[in-house]
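Numbered from 1 within each chain, the chains take letters A, B, ... in sequence-line order. Quick caveat, the model's predicted, so the values are computed rather than measured. Atom set for the values below is all heavy atoms of this structure, side chains included, hydrogens, waters and symmetry mates excluded.
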Amino acid sequence: MANQIGGMGLLTIFVLAVFVGFEVVSKVSSTLHTPLMSGANAIHGVVLVGAILITGVSSGPAQITLGLIAIVLGTVNMVGGFVVTDRMLRMFSARRGEERR
Amino acid sequence: MANQIGGMGLLTIFVLAVFVGFEVVSKVSSTLHTPLMSGANAIHGVVLVGAILITGVSSGPAQITLGLIAIVLGTVNMVGGFVVTDRMLRMFSARRGEERR
Amino acid sequence: MSTGAQFGYLIAAICFILALKGLSAPKTARYGNWAGAAGAVIAVAVTLSVGHLQHLGLILGAVAVGAVIGVPAATRVKMTAMPQLVAIFNGVGGGAAALVALIEFLTVASQSSKIAMGDQAATVFTVLVGSVSFAGSMVTFAKLQELMTTRPVVLPAGRWISGAVFVAAVGLAVAGLPVRSTGLLVTLLLVSLGLGVLFVLPVGGADVPIVISLLNAFTGLTVAASGYVLGNTLLIVAGTLVGASGTILTRLMAAAMGRPLTGILFGAFRASVAGPAAAAQNRPVRSGTPEDIAILLGYARKVIVVPGYGLAVAQGQHTIRELADLLTARGVKVAYGIHPVAGRMPGHMNVLLAEANVPYESLLEMDEANMELSSADVALVVGANDVVNPAARTSPGAPIYGMPILNVDSAAAVVFCKRSLRPGFAGIENELLYDPKTTLLFGDAKESLSKVVAAVKAL
Amino acid sequence: MSTGAQFGYLIAAICFILALKGLSAPKTARYGNWAGAAGAVIAVAVTLSVGHLQHLGLILGAVAVGAVIGVPAATRVKMTAMPQLVAIFNGVGGGAAALVALIEFLTVASQSSKIAMGDQAATVFTVLVGSVSFAGSMVTFAKLQELMTTRPVVLPAGRWISGAVFVAAVGLAVAGLPVRSTGLLVTLLLVSLGLGVLFVLPVGGADVPIVISLLNAFTGLTVAASGYVLGNTLLIVAGTLVGASGTILTRLMAAAMGRPLTGILFGAFRASVAGPAAAAQNRPVRSGTPEDIAILLGYARKVIVVPGYGLAVAQGQHTIRELADLLTARGVKVAYGIHPVAGRMPGHMNVLLAEANVPYESLLEMDEANMELSSADVALVVGANDVVNPAARTSPGAPIYGMPILNVDSAAAVVFCKRSLRPGFAGIENELLYDPKTTLLFGDAKESLSKVVAAVKAL
Ligand SMILES: NC(=O)c1ccc[n+]([C@@H]2O[C@H](COP(=O)([O-])OP(=O)(O)OC[C@H]3O[C@@H](n4cnc5c(N)ncnc54)[C@H](OP(=O)(O)O)[C@@H]3O)[C@@H](O)[C@H]2O)c1
Ligand SMILES: NC(=O)c1ccc[n+]([C@@H]2O[C@H](COP(=O)([O-])OP(=O)(O)OC[C@H]3O[C@@H](n4cnc5c(N)ncnc54)[C@H](OP(=O)(O)O)[C@@H]3O)[C@@H](O)[C@H]2O)c1
């Protein structure tokens, strides 16, 4: 598949995303380490999108089979990740009202 | 001049840069407001690059004249901005060794 | 790809940024996760609706299968088994990314013969790191689920084997750059799986969460690289975000344990595990009955509970809550001192105690807890060891030396609930167990606590 | 553009990010500025070396002219005149961006007739906002340089005129989207210049720094838009960074003054300027001679100096330093209480006092200063008024109500150095001037302080 926006554009996007990733989490408290890890984990489940796109243009049976496996794995990552993160956070936020700061 | 990386790629870059800009300065102490403003001011002097590029491909006398004016203005912004920011900061950092935190 | 679709992807990317931002603050964490889920839904919806997809039925079927596997796993897992579930989810993501790159490679290989260097490099990277992440995550799962030993596994000449496999993987990757050989790529995939296993084997059980976080960052980068292969900006942004934030998070976690990352990955306390632990076993200790402990606690003015790994293992969070409620009803002031690395993963104790409805106000962070401890009558240490071991302050040679600890020794009396005199994760003796002001209550944390609850009720 | 050049631009963009990051922390601020300058040098060098440029001699000449204007201006300006210089630099940047868009428009108009909607929108945006930024900055310069009144200028029916011009500018911009008319664009430029003037006129002198910061963010966005027109990623990234960080900075500055941004831009304290200020002028006050003040200070144990706008105007920073040194030599404990919005721009007092070599340790931030003030013998208020006005705590109607202030009234005695009983920027009476524990030392801050210095030496 062709890169529509050019290698250097993608590199710029990569560099900016690195800075955003660094900055955004750099002040997280240790209490939230586990849910943050789990949430970030769910986000990279977006590889599902790549798996769908590639499967949708594949033709050989080997490729389609591998593609479907990738879709299953990606879905497990994404859906399971968000659900389990929400479960963790639900417990934290049960008593949001009484929170101290 | 053609956009080499496509409108949507540029928009993505824009969005990411917005986040970087927000995050990076969001914890600045009030002491540094003035130098930060001045330094950011110098950075947008990079419009000089645009002024040079456009002047270098211009032909009509009106366009060249306007281009040269833009170059002068951009240079004043950039060069003056960094120099004056450094002057401010030099005073802060004179006694770096004794700083409290 | 249409502008509309790309715009949808951009919105999804923004959702992911907001998700990470939200997840970084207690008040917004849950909204953050929802923002992430919204971004994921948008991304998948856009992808399915761009049309041009063949095999749509099969694709939807595969998504359904994935959901049917993922959702029940996520909703049913016990809170204490969270880490291994996160490890699995992370591993399958890495595996998916490696597969995507492999399929793209097969497709392009069958169509053209010109090799774009950038794409080829990204493909090789994805296959290598994705496989490492997959295999490594599976090993961490096995360790945490106790399908295998949780102790560091050091193969004979382990360093040399790992080193050789690492060199082989990198060599294959570099060799794969200029040529387009499916055989080479599949070999690389297999060798990388081996590398992933060897990478995680020498890591001790309690260090595994750090490794999961690191592999999480790896998977993020893999996804970004697979996005480069596909020319998909969303995958690049999302993967890079996770790669960058995961790296920071890994460092923060390691910092909370007061140890360098390289030590966790490669050192694993190997030198000091055996020695002192074996030596000091037959010194006298004072052990108490549940009734003794009940009296100590029931007539105290202030009790600080220090929960640890053992409480999580024993699933004793509800029982400790019951005990705390009983004591509070008797007028005893009860609070919990939470060490950042107590439990199985960072923040794990907070999650566990929140599950048991412990009020947020009574969870004290380390500094606060240490202030309270100095005026406490009893420090009740339940299934914790390293996080209260004074060796961190006093023995420069100890592997935990320098780690901030909860100073339970500053309380008037200390009670330890544990099953034996065995040391904790760091494998070093805890002198406090032999201290005259310490009483030991031997047994499984949950059972012991139940007995203490009964005894307090009988007071 | 070659890959090499684009790579150079990417490095420059990274430099700019690191610059903003560095400038946000005291320890790294100076390195941050250098990183920014390095990025600028790289960007210009790459641009000049991509070749293909005509008129290279003229271009280099123009750069030289710009440097010859900018460097001396930056090195010679007095510290107190910093704000107006920053305003000028900002304005010329906005002007340059508007010109770039205009030239690109002229070039494209002479070459093709197809209109790319995105480019056209960016062009119109650049011309509009760039001109506003240019004209607005020039007016702020005129205000700060006192080429015109620093009070808010409210034209008769000012709101209506501004509103009409705003509507005209937006209308012209929208009209300019589908057609390609040079006349329209030039008209837009002129109307936008007018809008810029009208935008800044109603803002009071002391609020001007906030407006400069806002216009700075505007210029950043303009540069980003001109980058879009040129298809230049570096301009987009750099401009956006400044636009985003400038917006945050503007909000932080406004927050430090405890007032909403809209109030600063459109309200400007108009309602409450005249009333109370005129009323209370003839109540009795206690004024002292320099000798009285010298005795008060020389025999105190602890003195907190609160500098303000007037100290900056009078250029008295070196004299206050001299006085503080004298007092310290006598064993008096001296520290400075710095209000975030004291002076002409945020952080201005820190800069001024740093220029006079006041040790960093003796500069107290507001909370710290308030703790020290309660145990101080004398609070010496030099050219400050609003930042110590208790009305901020006590009079719900006052425009500064709710702004955190330095509680000099908690010191045992208060000395005000000012020229008259006139109020400060907010235009409201300061009851503290009439307090029995207050002594007034009338006169220009620098002259008064010199006299006090002489008197202390004579003690
Ligand atoms: N939280 C994290 O993120 C994290 C990550 C990586 C590493 N670590 C490391 O893990 C350690 C955590 O410290 P910690 O004090 O919580 O744990 P620890 O030092 O590992 O001690 C746990 C104690 O619990 C006892 N125990 C185990 N099962 C039990 C049961 N069913 N009932 C009662 N007691 C039981 C064990 O003693 P018995 O066998 O005698 O019962 C052991 O002494 C630290 O060294 C930390 O660096 C933590
Ligand atoms: N720092 C910022 O970023 C910033 C930005 C925007 C607005 N503001 C506003 O500016 C105000 C700053 O408060 P402030 O207390 O520093 O200043 P202020 O309230 O404006 O008071 C300054 C005082 O200095 C006196 N003064 C002027 N020239 C003097 C001279 N040559 N010698 C001696 N005294 C002189 C004036 O009284 P006489 O005329 O009687 O001498 C006046 O009362 C606040 O209202 C703040 O909100 C600040």
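Interface remark: A:Ala42 contributes no atoms to any contact with chain C (heavy atom separation under 4.5 Å). Residue contact with chain C, scored on non-hydrogen atoms closer than 4.5 Å, involves the backbone and the side chain of A:Val84 alike. Contact annotation for C:Val68: neither backbone nor side-chain heavy atoms come within less than 4.5 Å of a heavy atom of chain A.
The two residues A:Leu73 and C:Leu99 make their nearest non-hydrogen contact at CD1-CD1, 4.3 Å. Here the closest non-hydrogen pair linking C:Val100 and A:Ala70 is CG2-CB, 4.4 Å. The shortest heavy-atom contact between A:Ala17 and C:Val237 is CB-O, 4.2 Å. In terms of heavy-atom proximity, C:Leu252 sits nearest to A:Val25 at CD1-O, 4.1 Å.
Of the possible polar contacts, one joining the C:Asn33 side chain to the A:Phe82 backbone as a donor-acceptor pair under 3.5 Å is found. For C:His55 (side chain) and A:Ser58 (main-chain N/O), a donor-acceptor pair under 3.5 Å exists by modelled atom type.
When A:Ile69, A:Leu66, A:Thr65, A:Ile64 are each tested for a side chain to side chain contact (heavy atoms under 4.5 Å, CB included) with C:Ile103, only one passes: A:Leu66. Checking each of A:Leu36, A:Val28, A:Leu32 against C:Leu23 for a side chain to side chain contact (heavy atoms under 4.5 Å, CB included) leaves exactly one that passes, namely A:Leu36.
For the atom pair CZ (C:Arg30) and CE (A:Met88), the distance works out to 13.0 Å, reported to the nearest 0.5 Å. Between the CG atom in C:Leu48 and the CD1 atom in A:Ile52 there is a gap of 4.5 Å [rounded to 0.5 Å]. Rounded to the nearest 0.5 angstrom, A:Ile43 CD1 and C:Ile17 CD1 are separated by 9.5 Å. Atom CD1 of A:Ile54 and atom CZ of C:Phe105 lie 12.5 Å apart (nearest 0.5 Å). One distance of note links CE of C:Met253 with OG1 of A:Thr34; it measures 5.5 Å at 0.5 Å rounding. Put simply, CG on C:Leu20 and CD on A:Glu23 are 13.0 Å apart, with the number rounded to the nearest 0.5 Å.
Among C:Leu241, C:Val223, C:Asn216, the residue making the largest number of heavy-atom pairs under 4.5 Å with chain A is C:Asn216. Comparing C:Ala62, C:Gly32, C:Ala238 by heavy-atom pairs within less than 4.5 Å of chain A, the highest count is held by C:Ala62.
At least one side-chain heavy atom of A:Val24 sits under 4.5 Å from a side-chain heavy atom of C:Ser24.
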